[in-house]
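Here is the structure we will look at.
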Amino acid sequence: MLNATNTGLILFFIGLYGVIIRRNIVKTIICISIIQSAITLFFIDINRGDPVAESLMITSIVIGTSITAMALMIYIHIYNSYGTTSWWKMLKKRKDEH
Amino acid sequence: MNSLMYLVFAPIIIGVLMYAFKIRNKYILIALQFSMILAAIGLFSEVKQYGVVRYVVGGWDEVRAVGITLYVDKLASIMIFLTAFFFTLFELYDFNSLERFLMLDLFILITEGLVIALFASNDLFNIFILLEISTLLITSLIMYKKNFVSYYDGLVYLLVNIIGMSFFLLGVAYIYRIYGVFDITKLGELIVTNVRGKEYIMPYVLLMTGILFKLGVMPVFSWLPRAHGSYSAPTIVSAFLSGLYINIAFIIFIKLQTIFLPVIDARILFVIIGILTALSGAFFALTQHDIKRILAYSTVSQIGLILIGLNLDSQVAYYGSLYHIISHSIFKTLLFLVAGVLINIYETRKIENIRGLVDTNPVLALSMIAGILGITGAPFFNGSIGKYLIGEGIENSTFHILFYIINFLTIVYLSKFLMTIFGGKKKVSPMPFKIKPIVVLAILCFVGGIAAPNIMNYVFNYTPKININLYIKNMLIYIVMLFVGYELYTRKIDKIKWFKHIRELDLPFNYIASLIFVLFLMLYSYCSFL
């Protein structure tokens, strides 16, 4: 049945799949945002209109946003120094430097 | 205001005020830290008197059990005391160095408040939020010197931790869905009374995945040495991460195990994970040359050891592990602070290039020896008590042999540190760090060994029965292992060629992320077959 709870769970695993399979750093950050949205969806569907769950999820969303911002900021620094968006190529360049 | 609220909010408020008004005064910081030590002692005596101290922030209804609750038992209060005490030592150790700026002071003070709040937190959502904020802060602390190598480490640390904690948050959501509470104590009551099928398995597995990830156990430990031995973290940050921050995960692990144990008993799996973690951490430490990396992998190995003791189904081993958590904080902080001084004097992180410490600074050399004796479990030092008690709880003889192998590997990789003491010439260089905090910790290593039964009796109300014959037998085994390990290290192990490949082994991000999922599947399949 396609209700908000199940959609949340499916989205969680879609995000996890993306994190495991995708080698692009930006896509990894997007997938983590998907995971966070999935949990938010799952949480607020527990009790419809429950103020506790909703207020907690607002906190969680704020933290998720700051995490995304910080990850993107670090990503820009890494991109400027290594010139690649791929985790694997970056690892190879790091090994060559040492 | 009670002392708990003071401990949480004083460092944060004073840190923000000092940053806002651009004040950088050593005496304000030291006075703040000493007042916190006093508050922590007050809190400890309160806990000693009443058993537990419980405080609901914001006056939420306790029956509903969804508000922010702080709950301090004996273990948490001793951890809070250690936090206040270690941060005082950190301030004394490293106030005048070039690494310190206003920003670092702010971050360190906020982290201190967060860590104390984490030790006291008793509701799952609050634990999640505080762990996320501390992850953000620690990411910026481990990239502090803006070395490009460490940007990669920082990004991996941040993203991997967020994925691990997502599992935890989904577990919290499941708990709220099934039981409608966040408070751990209340949850414990509800789990025992409302057993409806096996619906508690899924939240348990999700929460445990998050916490075991934070502990850095066997399949998912590869982020931990990178963060704890980062190239651009100030020394005190590395010492804080390995000495204190890891204890938070242990406290939460113990709380969760306590409430879920009546319905679900996965302790055998945790013992196996602990053995694998201890062995692999020690083995990786053996292959490293980098002084901070050796210590970081040694943390992994000790985590495995503590995890074994916590899950052995034996009271002796349980209290031994609790004592070993405290001992580990002391000697690991000591060794990291010593490593910081060494890196500063010799201007290298390669342990082969550090020689002749006893001529350079005899006090430092002696303190380092005390730390090494502590961590390897030498008789009369604090590490020996925890290891002895954990070893006593083991009944299976195969386990016993594995336990001795773990201890033996610890001695072998710490032989690298013993090699730095002699040989080489005296080296003089300006030192921004103070040695006194290191000496204090070295003395504590010794006192923690000598006065262990008294300390355990005072703190945990549990007196360990130390069998003198067995202790002497362990002592003889230790001395034999020390000689064999040292000889083996100097003659053989240093020259093995394929260690180079293991040293350079670096898991890509995708593998680390998939290993979290593997851990989750492993726990889930084990718990559903129980």
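On a predicted model such as this, the values are computed, not experimentally measured, just so you know. Quick note on labels: first sequence line is chain A, next is B, and so on, each numbered from 1.
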All heavy atoms of B:Val205 vs all of B:Leu523, minimum pair found to be CG1-CB, 3.9 Å

Sequence-distant partners of B:Asn161, side chain to side chain donor-acceptor pair (under 3.5 Å), two or more places apart
B:Lys214

Under 4.5 Å from a heavy atom of chain A, the part of B:Leu159 involved
both

Assert top hit (heavy-atom pairs under 4.5 Å, partner chain B, pool A:Asn80, A:Val52, A:Ile35) equals A:Val52

Using non-hydrogen atoms and a 4.5 Å limit, figure out which bit of B:Ile129 sits close to chain A: side chain, backbone, both or neither.
both

Determine the sole option in B:Phe128, B:Tyr174, B:Tyr176 for which the ring-ring contact (aromatic ring centres under 6.0 Å, His included) test with B:Phe182 is passed.
B:Tyr176

Show the numbers, then the answer: is there a side chain to side chain contact (heavy atoms under 4.5 Å, CB included) between B:Val220 and B:Ile512?
CA-CA 7 Å; B:Val220 286; B:Ile512 304 176; 5.8 Å; no

Is it the side chain or the backbone of A:Ile21 that comes within 4.5 Å of chain B heavy atoms, both, or neither?
backbone

Residue pair B:Leu130 / B:Ser121: nearest heavy atoms and the distance that separates them
CD1-OG, 3.4 Å

Applying a strict 4.5 Å limit to non-hydrogen atoms, the region of B:Thr135 in contact with chain A is neither

Interface moiety of A:Ile67 toward chain B, non-hydrogen atoms closer than 4.5 Å
both

Looking at A:Met90, A:Met70, A:Arg23, which has the largest count of heavy-atom pairs under 4.5 Å with chain B?
A:Met70

Let's test your reading of the structure: which of B:Ala513, B:Pro508, B:Gly180 forms the most heavy-atom pairs below 4.5 Å with chain A?
B:Pro508

B:Phe520 and B:Phe517 aromatic ring geometry - parallel, tilted or perpendicular at 30°/60° bounds:
parallel

Taking the six-membered ring for Trp and the single ring otherwise, decide whether the centroids of A:Tyr82 and B:Tyr152 are under 6.0 Å apart.
no

For the pair A:Asp45 (side chain) and A:Thr5 (backbone), establish whether a donor and an acceptor sit closer than 3.5 Å, ignoring hydrogens and angles.
yes

Using side-chain heavy atoms (C-beta onward) and a distance below 4.5 Å, is B:Phe125 in contact with B:Leu169?
yes

B:Met208/B:Phe167 under side chain to side chain contact (heavy atoms under 4.5 Å, CB included): CA gap, chis, key distance, verdict
CA-CA 9 Å; B:Met208 274 298 164; B:Phe167 279 91; over 6 Å; no

Mind ranking A:Ile32, A:Leu16, A:Ile46 by heavy-atom pairs under 4.5 Å with chain B and telling me who comes out on top?
A:Ile46

Using only non-hydrogen atoms and a strict under-4.5 angstrom cutoff, which residues of residues 57-64 of chain A touch chain B?
A:Met57, A:Thr59, A:Ser60, A:Ile63

Given that the side chain runs from C-beta out, which part of B:Ile178 has a heavy atom under 4.5 Å from chain A: side chain, backbone, both or neither?
neither

Does any backbone or side-chain atom of B:Leu136 lie under 4.5 Å from a heavy atom of chain A? Answer side chain, backbone, both or neither.
both

Just by distance, do the side chain of B:Asn510 and the backbone of A:Ile20 share a donor-acceptor pair under 3.5 Å?
yes

Under 4.5 Å from any heavy atom of chain B - which part of A:Phe13:
side chain

Counting N and O atoms only, with roles assigned by atom type, does the side chain of B:Ser230 sit under 3.5 Å from a partner on the main chain of B:Ile142, one being a donor and the other an acceptor?
yes

